[in-house]
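Lettering of chains follows the sequences in order, A, B, ..., and the numbering in each one begins at 1.
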Protein chains: 2
Amino acid sequence: MRELKYAILGLVNRSPRTGYDITKAFTESIGNFWEAKHSQIYPELHRLASGGLIEYEIEIQGEKLEKKVYSITDKGRNELLNWLLTDEPLPPVPKDSFRLRLYFSENLSTLAVSELINGQLAKRRRRLEHLKEELHAMEDSGEPPVLFTPEFYEYLLIMGGIFREQAYINWINEVKRLTKCEETKS
Amino acid sequence: MRELKYAILGLVNRSPRTGYDITKAFTESIGNFWEAKHSQIYPELHRLASGGLIEYEIEIQGEKLEKKVYSITDKGRNELLNWLLTDEPLPPVPKDSFRLRLYFSENLSTLAVSELINGQLAKRRRRLEHLKEELHAMEDSGEPPVLFTPEFYEYLLIMGGIFREQAYINWINEVKRLTKCEETKS
DNA sequence: TTCTGCATGTAACCAGTTACATGATTGC
DNA sequence: GCAATCATGTAACTGGTTACATGCAGAA
């Protein structure tokens with residue numbers, strides 16, 4: 001628990017950045033397995049700063065726009081490393097509302113079920129395509145990522161998203177196959 | 001949103017049951033994609049009952065133990081069907097703290113990274129084995145589930161869990177392969 | 001000058017967890 | 001008699017979302 005804390009520590013550990021930068025990061029690569037809105041991030045930054053895990057300098061953009069550029073402290077880096085080394089039990093399975101609907105589909109007509117399934121399939125395919133584009137963008141931009149660098153781990157995590165979404169799609173296809181075996185059996 | 005509501009409606013729609021029964025269901029098959037504790041379920045049952053979506057009769061167990069057996073009303077069944085037919089955008093990606101740790105593993109030694117990875121792999125394998133046992137238990141107990149029955153959908157959902165966990169394991173194995181390519185390249 | 005993006009915050013609410021609290025039943 | 005399990009609830013808290021609220025900077 002308290003994992004947003006470590007997500008933020010990990011980001012400001014890579015380089016000093018503003019709350020806005022951090023918010024953006026959660027919509028980019030890291031957003032493939034952790035999301036957070038600015039309304040959660042700003043209060044957390046205040047907590048981390050008052051706990052001495054990060055600190056900030058005010059930078060002026062243009063004439064008078066103030067931005068707070070946060071960087072990690074030794075104490076913060078310590079807590080981050082500590083958390084990275086802790087071994088925790090598997091978290092509960094992710095809640096999944098498509099699965100919940102399918103589970104109760106005994107109440108639907110076969111047509112409605114197939115619409116439910118095909119709708120989900122289309123959305124999952126779109127998500128998969130986005131991830132593949134991200135991966136290809138990384139592969140096209142110069143050398144393959146050097147082992148154990150941030151870019152390397154980013155690459156692995158995008159790959160992880162692709163595996164996850166591909167498996168979801170494979171499962172849905174299997175579901176389609178099984179729900180249609182009366183049609184195809186004849 | 002408000003999805004616990006529909007999970008409960010779906011269950012009491014299958015057959016009348018107590019809060020305790022519902023709680024148990026969330027630790028069994030449905031627990032592979034939705035979890036809830038009794039402390040969340042009882043208040044929700046009160047809300048659903050006062051909204052007229054379910055109703056209960058008090059049954060006496062033994063001498064004086066009262067249990068409330070809830071059943072669905074027409075209004076409740078209607079809302080359930082309605083929800084089953086609604087099409088919603090994909091929910092945000094599930095939060096995943098192993099992925100978060102791996103993402104920031106640039107701060108770990110290669111040994112620590114491999115411990116992190118192997119620890120996760122072992123836990124995922126155990127979860128996968130449980131799911132496979134559930135599936136085999138279903139397959140062994142008599143006929144294959146009849147299409148479009150609750151048992152059929154339960155079967156599909158356990159299969160879905162297996163696909164999900166298997167993909168996670170496949171990804172971790174790929175990560176292992178990539179993080180060891182210096183060793184194996186020579 | 002107008003629109004998009006940069007930048008920071010708070011308040012109210014909702015979902016979910018942990019802990020507290022109690023008591024009956026059944027099988028050994 | 002004791003332990004496991006059946007049975008139902010509440011309170012305090014944490015994490016996260018939605019909505020409210022404001023204002024500057026840079027580019028067209």
Side-chain angles (χ1 to χ4, degrees), chain A residues 1-8 12 16-28 30-31 33-51 54 56-70 88-97 100, chain B residues 1-8 12 16-28 30-31 33-51 54 56-70 88-97 100:
Chain A
M1 295 300 130
R2 302 290 353 265
E3 285 164 323
L4 176 63
K5 169 179 167 175
Y6 300 105
I8 292 177
V12 301
R17 57 190 81 190
T18 66
Y20 188 85
D21 295 331
I22 293 168
T23 304
K24 250 197 319 181
F26 281 103
T27 67
E28 292 163 9
I30 194 175
F33 51 91
W34 209 278
E35 291 186 8
K37 322 252 157 140
H38 79 278
S39 56
Q40 203 188 357
I41 291 163
Y42 286 110
E44 186 64 39
L45 284 169
H46 293 324
R47 270 194 294 279
L48 293 175
S50 69
I54 57 176
Y56 66 89
E57 282 184 7
I58 290 175
E59 232 178 62
I60 303 292
Q61 187 90 4
E63 286 289 288
K64 51 180 160 176
L65 177 65
E66 295 191 348
K67 52 178 178 178
K68 295 181 180 172
V69 182
Y70 289 91
E88 276 171 64
L90 281 193
V93 294
K95 291 181 162 59
D96 184 325
S97 87
L100 195 60
Chain B
M1 294 301 130
R2 301 293 349 270
E3 285 164 324
L4 176 62
K5 168 178 168 175
Y6 300 105
I8 292 177
V12 301
R17 56 190 83 191
T18 65
Y20 188 85
D21 296 331
I22 293 168
T23 304
K24 251 198 319 182
F26 282 104
T27 68
E28 292 163 9
I30 195 176
F33 50 91
W34 208 278
E35 290 186 9
K37 322 249 162 157
H38 79 279
S39 57
Q40 203 188 356
I41 291 163
Y42 287 110
E44 186 65 39
L45 284 169
H46 293 324
R47 270 193 295 277
L48 293 175
S50 70
I54 57 177
Y56 66 89
E57 282 184 7
I58 289 175
E59 230 177 64
I60 303 290
Q61 188 88 4
E63 285 290 288
K64 52 179 162 180
L65 179 66
E66 295 192 347
K67 51 179 181 179
K68 297 183 178 170
V69 183
Y70 289 91
E88 277 170 62
L90 281 192
V93 294
K95 292 181 163 56
D96 184 325
S97 87
L100 194 60

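- The side chain of A:S39 lies closest to C:dA11 when the candidates are C:dA7, D:dA7, C:dA11.
- With distances taken from any side-chain atom of A:Q40 to the nucleotides C:dT18, D:dT17, D:dT8, the minimum falls on D:dT17.
- Across the protein-nucleic acid pair, B:K5 atom NZ and C:dG16 atom P stand 14 Å apart, rounded to whole Å.
- Counting any heavy atom pair closer than 4.0 Å across all strands shown, A:E63 reaches sugar-phosphate atoms only and no base atom.
- The phosphate of D:dG9 has OP1 or OP2 within less than 4.0 Å of a side-chain N or O from B:K68.
- Looking at B:E66 and B:I60, their side chains come closer than 4.5 Å, going by heavy atoms from C-beta outward.
- Atom C1' of nucleotide D:dT8 and atom CZ of B:R47 are separated by 16 Å, given to the nearest angstrom.
- Comparing atom distances between the B:Y42 side chain and each of D:dG9, D:dA25, C:dA24 picks out D:dG9 as nearest.
- Between A:R47 and A:R2, the closest side-chain pair of non-hydrogen atoms falls below 4.5 Å.
- Of the side-chain N and O atoms in A:R2, none sit less than 4.0 angstrom from OP1 or OP2 of D:dT14.
- For D:dT18, the OP1/OP2 oxygens have a side-chain nitrogen or oxygen of A:K37 closer than 4.0 Å.
- Nearest heavy-atom pair across B:G19 and B:I41 is O-CG2, 4.3 Å.
- One can place CG of B:L100 at 14 Å from P of D:dG15, the figure rounded to the nearest angstrom.
- Note: CD1 (A:I22) to P (C:dT8) measures 9 Å, nearest angstrom.
- Counting any heavy atom pair closer than 4.0 Å across all strands shown, A:K95 reaches sugar-phosphate atoms only and no base atom.
- A heavy-atom distance below 4.5 Å is found between the side chains of B:L4 and B:F26.
- Take the nearest nucleotide of DNA chain C for B:E3 and for B:Q61: the residue whose nucleotide is more 5' is B:E3.
- For A:H46 and C:dG9, a side-chain-to-base donor-acceptor distance below 3.5 Å is absent, hydrogens and geometry of angles not being considered.
- Nearest to the side chain of B:L65, among C:dA7, C:dG16, D:dC6, sits D:dC6.
- To the nearest angstrom, P of C:dG16 lies 9 Å from CD of B:E44.
- What separates CZ of B:R17 from P of D:dC6 is a distance of 15 Å, to the nearest Å.
- Side-chain contact between A:E35 and A:Q40: absent, with no pair of heavy atoms (C-beta onward) separated by less than 4.5 Å.
- Straight-line distance from the CG atom of A:L45 to the P atom of C:dA7: 14 Å, rounded to whole Å.
- Distances were taken from every side-chain heavy atom of B:Y20 (C-beta onward) to each of D:dT5, D:dG16, C:dG16; the shortest belongs to D:dT5.
- Shown are A:D21, A:L48, A:I54; of these, the side chain to side chain contact (heavy atoms under 4.5 Å, CB included) with A:Y70 is made only by A:I54.
- Counting to the nearest Å, the P atom of C:dA7 and the CD1 atom of A:I60 are 12 Å from each other.
- Distance from the side chain of A:D21 is smallest for C:dA7 among the nucleotides C:dG9, C:dG16, C:dA7.
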